Amino acid sequence: MKDETGAEKPVYILAIETSCDETSAAVVKNGCEVLSNIISSQIETHRAFGGVVPEVASRKHVEVITLIVEEALARAEITPDRLNAVAVTQGPGLVGALLVGVVAAKALALAWNKPLIGTHHIAGHIYAGRLVKELKYPCMALVASGGHTELVSLESEGRFRIIGRTRDDAVGEAYDKVARALGFPYPGGPHVDKLAHEAAEAAALPRVWLEPDSYDFSLSGLKSAVLNLVNQSRMKGQEPDAAAIARGFQESVVEVLVEKAVRAVRATHARQLLLCGGVAANRGLREALTARCEEEGIELIIPPAVYCTDNAAMIGAAAYTKWLHDGGTPLDMVADPGFSLENWSVQTY
């Protein structure tokens with residue numbers, strides 16, 4: 001789309017994210033420039049329960065969604081008439097939480113007569129990399145979050161192929177369960193990461209590689225090994241060495257993630273490796289993957305922490321790709337907690 005002078009017109013997308021326990025709205029220009037990114041976290045609310053309570057999360061989204069959208073527009077200094085589209089996380093996520101965002105986005109798109117773009121949550125995490133640097137295709141994404149652990153090949157813009165995924169626990173989920181066993185509050189991942197860096201030694205824990213040619217992950221056995229160490233210590237009347245266990249657990253997780261990601265890059269001739277998802281904020285994983293990619297000569301993109309955890313800017317970045325290739329989504333689209341990433345791929349080239 002060009003203006004009267006022949007120059008390309010900027011594309012402004014208002015994006016909304018409510019898939020779990022963050023209410024977020026952002027305005028993103030041309031899929032890569034963040035004009036605003038407002039996030040309201042519910043961590044303090046859910047901490048008392050030791051995890052996210054879906055019904056509580058949905059109610060909190062309802063309470064703040066209007067204010068968050070208004071603040072995103074105000075911070076971006078943009079009015080609705082200048083927007084090109086309204087994007088929203090369609091799935092996956094908690095169905096009640098997703099519904100709040102979807103209903104809000106539909107109402108705004110209808111009121112402002114703007115196209116609606118239903119967006120995949122994991123595509124958002126992946127395209128958070130574009131907020132940092134231009135993506136080169138083909139590229140490989142290592143998605144590590146509370147609900148997902150996947151290796152995703154992007155053969156071209158907006159075309160996703162999952163080549164490896166967890167067969168049981170996601171990495172963030174495993175971190176939280178280990179943290180709970182060690183007595184840390186929710187969310188436990190940052191506590192385990194911090195303690196692992198302070199430990200003088202690491203507890204011996206297994207590495208789960210699965211079949212020789214597999215890019216899949218499995219963390220339930222490792223989690224069980226940690227729980228066995230903790231229980232054995234307590235049965236002997238001793239306190240478990242939490243620092244050593246945290247370091248052993250983290251080293252086991254990180255080694256497998258890094259090795260499989262690098263192997264996937266080589267196998268697919270990817271030009272870049274993207275680390276994305278909430279666990280991408282983990283210091284141990286970031287440092288290990290950075291060091292290995294430097295050794296291997298692989299270009300690595302890791303977004304800042306604010307774009308790793310759930311946020312609307314990443315949804316705006318992914319929605320821009322859909323906007324360019326497929327346009328909008330019908331207004332009768334529904335929230336889909338089991339939304340397929342591969343099916344969300346763009347339909348045109």
Side-chain angles (χ1 to χ4, degrees), residues 9-45 57-91 93-94 96-132 276 278 303-324 328-329 331 333 335:
K9 283 187 177 181
V11 174
Y12 298 102
I13 294 177
L14 169 69
I16 296 171
E17 153 63 25
T18 62
S19 65
C20 190
D21 60 341
E22 274 91 20
T23 312
S24 181
V27 177
V28 180
K29 176 182 176 182
N30 295 336
C32 61
E33 184 180 346
V34 181
L35 302 186
S36 64
N37 187 36
I38 311 303
I39 303 170
S40 175
S41 175
Q42 301 176 13
I43 285 179
E44 292 303 320
T45 298
S58 301
R59 292 185 180 189
K60 288 294 182 182
H61 287 312
V62 172
E63 289 175 8
V64 301
I65 184 68
T66 301
L67 295 174
I68 295 299
V69 169
E70 289 176 348
E71 187 173 353
L73 292 172
R75 291 275 188 95
E77 297 182 345
I78 194 167
T79 52
D81 60 291
R82 295 176 61 199
L83 295 173
N84 295 85
V86 178
V88 63
T89 302
Q90 185 177 354
L94 302 174
L98 290 168
L99 277 169
V100 176
V102 167
V103 170
K106 284 184 177 184
L108 294 174
L110 194 60
W112 296 338
N113 193 29
K114 303 294 180 182
L116 176 72
I117 305 176
T119 307
H120 197 283
H121 182 74
I122 299 304
H125 276 305
I126 292 171
Y127 272 95
R130 185 160 61 188
L131 301 175
V132 177
C276 47
V306 67
Y307 299 139
C308 291
T309 53
D310 292 350
N311 67 94
M314 69 181 195
I315 300 303
Y320 178 73
T321 294
K322 201 72 170 174
W323 163 265
L324 290 178
T329 304
L331 274 172
M333 74 91 162

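Atom set for the values below is all heavy atoms of this structure, side chains included, hydrogens, waters and symmetry mates excluded. Keep in mind that what you see is a predicted model, and the values were worked out from it rather than measured.
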Grab the two heavy atoms, one from Val132 and one from Pro304, that are nearest each other, plus how far apart they are.
CG2-CD, 3.6 Å
Do Arg59 and Glu63 meet the salt-bridge criterion of a basic N to acidic O distance under 4.0 Å?
no
So does Lys114 have more than 12 non-hydrogen atoms from other groups sitting under 6.0 Å from NZ?
yes
Here the pair of heavy atoms bringing Ala26 nearest to Ala313 is CB-N, 3.5 Å
What pair of heavy atoms forms the shortest contact from Ile13 to Gly316, and how long is it?
CD1-O, 4.2 Å
Determine whether a donor-acceptor pair (N or O, by modelled atom type, separation under 3.5 Å) exists between the side chain of Thr89 and the backbone of Gly91.
no
Output the distance between atom CH2 (Trp323) and atom CD1 (Ile117), rounded to the nearest 0.5 Å.
6.5 Å
Judged by modelled atom types alone, do Glu17 and His121 share a side-chain donor-acceptor pair under 3.5 Å?
yes
Give a yes or no on whether the backbone of Thr23 and the side-chain of Ser40 come within a donor-acceptor separation of less than 3.5 Å.
no
Closest contact, heavy atoms only, Arg130 versus Thr321:
NH2-OG1, 2.9 Å
Lys106 side chain to Met333 main-chain N or O, any donor-acceptor pair under 3.5 Å?
yes
Trace of the side chain to side chain contact (heavy atoms under 4.5 Å, CB included) decision for Asp310 with His125
CA-CA 8 Å; Asp310 292 350; His125 276 305; 3.2 Å; yes
Please determine, by modelled atom types, if His61 and Asp21 share a side-chain donor-acceptor pair under 3.5 angstrom.
no
Looking only at non-hydrogen atoms, find the nearest pair between Asn30 and Pro10 and report the distance.
OD1-CA, 3.4 Å
Any side-chain heavy atom of Leu131 sitting closer than 4.5 Å to one from Val34?
yes
Where the side chain of Ser24 meets the backbone of Asn311, is there a donor-acceptor pair that is under 3.5 Å apart?
no
When you measure from the side chain of Ser19 to the backbone of Gly93, do you find a donor-acceptor pair of N or O atoms at a distance under 3.5 Å?
no
d(Arg82 CZ, Leu73 CG) to nearest 0.5 Å is 11.0 Å
Could you measure the distance from the CD1 atom of Ile16 to the CG atom of Leu98? Nearest 0.5 Å is fine.
12.5 Å
Please round to the nearest 0.5 Å and tell me the distance separating atom CD of Gln42 and atom CD of Glu22.
7.5 Å
Stepwise side chain to side chain contact (heavy atoms under 4.5 Å, CB included) check, Arg75 with Ile38
CA-CA 9 Å; Arg75 291 275 188 95; Ile38 311 303; 3.5 Å; yes
Between OG1 of Thr119 and CG of Leu116, what distance do you get to the nearest 0.5 Å?
8.0 Å
Shortest non-hydrogen contact from Val88 toward Ile315:
C-CG2, 4.2 Å
More than 12 non-hydrogen atoms from neighbouring residues, nucleotides or ligands closer than 6.0 Å to CG on Asn113, yes or no?
no
Verify side chain to side chain contact (heavy atoms under 4.5 Å, CB included) between Tyr12 and Val28, making sure each step is shown before the conclusion.
CA-CA 6 Å; Tyr12 298 102; Val28 180; over 6 Å; no
Do any N or O atoms from the side chain of Lys322 and from the backbone of Gly328 form a donor-acceptor pair under 3.5 angstrom?
no
Interatomic spacing from CD1 in Ile39 to OH in Tyr307 - rounded to 0.5 Å:
8.5 Å
